[in-house]
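All values reported here derive from a predicted model rather than from experimental measurement.
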Amino acid sequence: LPTVPDRATPEGQVEAHRLTMLFVVDDMADAQAARREIVARLAGDRSPVTGDPYADRIANPVAAVLEGDDRAVVSISGALAGGTADWLDILGDRDLGFAFWLPEE
């Protein structure tokens with residue numbers, strides 16, 4: 001079953017510009033580990049591309065893990081601080097490092 005943590009939106013903040021990303025992984029254990037790592041990176045790491053915190057670009061991430069037929073899916077959704085078109089800049093800058101190269105066990 002999906003795990004979606006409760007998130008409150010600060011008063012006065014509008015999250016009209018959202019980005020949702022789906023990552024397919026091998027199994028539920030990998031998906032759970034990826035979800036935890038990605039959310040932690042979005043909250044506390046800096047982009048190696050811009051040097052800015054990921055949280056300045058993708059705020060208030062919400063994560064879920066879904067089981068598929070032969071794979072698991074990690075769904076990450078967050079507010080785009082720079083507006084709807086910022087997802088093009090994020091992709092163009094290849095600024096998705098928060099979602100790759102998970103630590104080895």
Side-chain angles (χ1 to χ4, degrees):
L1 295 176
T3 303
V4 180
D6 293 331
R7 298 282 179 161
T9 302
E11 188 173 324
Q13 181 178 350
V14 177
E15 290 192 12
H17 310 287
R18 295 196 63 81
L19 172 67
T20 299
M21 298 163 280
L22 302 174
F23 302 98
V24 178
V25 296
D26 288 332
D27 57 41
M28 286 298 285
D30 288 344
Q32 291 291 354
R35 181 189 61 79
R36 285 189 301 273
E37 187 68 28
I38 291 168
V39 169
R41 288 178 180 185
L42 285 173
D45 285 0
R46 291 182 171 274
S47 163
V49 175
T50 66
D52 295 327
Y54 283 121
D56 287 357
R57 213 164 197 186
I58 302 172
N60 302 320
V62 175
V65 174
L66 309 167
E67 188 167 2
D69 291 337
D70 60 347
R71 300 271 192 232
V73 177
V74 180
S75 171
I76 305 291
S77 180
L80 290 169
T84 302
D86 194 36
W87 73 271
L88 290 171
D89 290 335
I90 291 170
L91 291 177
D93 292 345
R94 297 179 184 215
D95 198 10
L96 295 169
F98 57 85
F100 299 102
W101 302 286
L102 295 176
E104 293 185 27
E105 295 180 15

Answer yes or no: is there a donor N or O on one side and an acceptor on the other, between the side chain of D86 and the main chain of D89, under 3.5 Å?
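No.
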Using every non-hydrogen atom in the two residues, find where [X] and [Y] come nearest and quote the distance to one decimal.
| X | Y | answer |
| --- | --- | --- |
| Y54 | P48 | OH-CD, 3.4 Å |
| A43 | A55 | O-CB, 4.3 Å |
| M21 | F98 | SD-CZ, 3.8 Å |
| G97 | R41 | O-NH1, 3.4 Å |
| G83 | H17 | CA-CG, 3.7 Å |
| R18 | S77 | NH2-OG, 3.1 Å |

So which of L42, I76, D95 actually passes side chain to side chain contact (heavy atoms under 4.5 Å, CB included) with I58?
L42
In this structure, CG of L80 is separated from CZ of R57 (nearest 0.5 Å) by 9.0 Å
Nearest-0.5 Å distance that lies between atom CZ in R35 and atom CG in L66
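Rounded to the nearest 0.5 Å, the CZ-CG separation comes to 11.0 Å.
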Does some side-chain heavy atom of V25 sit less than 4.5 Å from a side-chain heavy atom of R71?
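Heavy-atom side-chain distance check fails, nothing below 4.5 Å.
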Chi angles and distances behind the side chain to side chain contact (heavy atoms under 4.5 Å, CB included) call for M28, V65:
CA-CA 8 Å; M28 286 298 285; V65 174; 3.6 Å; yes
